[in-house]
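Each residue takes its place number in the sequence, starting with 1. What you see is a predicted model; the values in this text were computed from it and never measured.
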Amino acid sequence: MGKRDELVRVFTCTELTCQLLKAELENAGIPVMIRNDNQSAVAAGFGIGSPSAIDIYVTESKVDAAIPVIEGFLKNNPTCVSE
């Protein structure tokens, strides 16, 4: 995997915000990977972690395209905030 293909965390948010922002990014043609450590811990039998700390990742080559989408999303959804 080349350097421009590495995943970069671009946002941390709640589950609802995560799903809404994920849809916005994907509609803009930006593939997204979600990391929810709390959900993984619960599935493994551990109840640790913060249920509101869900990370959104994009490839490094898409960061510049993702930033204006995220900024527009936050402007249009002022109650959605990052963690």
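- Of all heavy-atom pairs spanning Val69 and Ala65, the tightest one is CG2-O, 3.5 Å.
- Taking OG1 of Thr12 as the start and CG of Asp55 as the end, the distance is 4.0 Å to the nearest 0.5 Å.
- To the nearest 0.5 Å, atom CD1 of residue Ile54 and atom CZ of residue Arg35 are 12.5 Å apart.
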Atom pairs and distances, donor-acceptor, side-chain atoms in residues 24-34, under 3.5 Å, two or more places apart:
unit_1 : atom_1 : unit_2 : atom_2 : d
Glu26  : OE1    : Lys22  : NZ     : 3.4
Glu26  : OE2    : Lys22  : NZ     : 3.2
Asn27  : ND2    : Ala23  : O      : 3.2

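- Of the candidates Ile67, Thr17, Val58, Phe11 forms a side chain to side chain contact (heavy atoms under 4.5 Å, CB included) with just one, namely Thr17.
- Side chains of Val10 and Val63 form a contact here, defined as non-hydrogen atoms less than 4.5 Å apart.
- Atom CD of Glu15 is separated from atom CG of Leu20 by 10.0 Å, given to the nearest 0.5 angstrom.
- The CG atom of Asp5 lies 10.5 Å from the NZ atom of Lys62; values are rounded to the nearest 0.5 Å.
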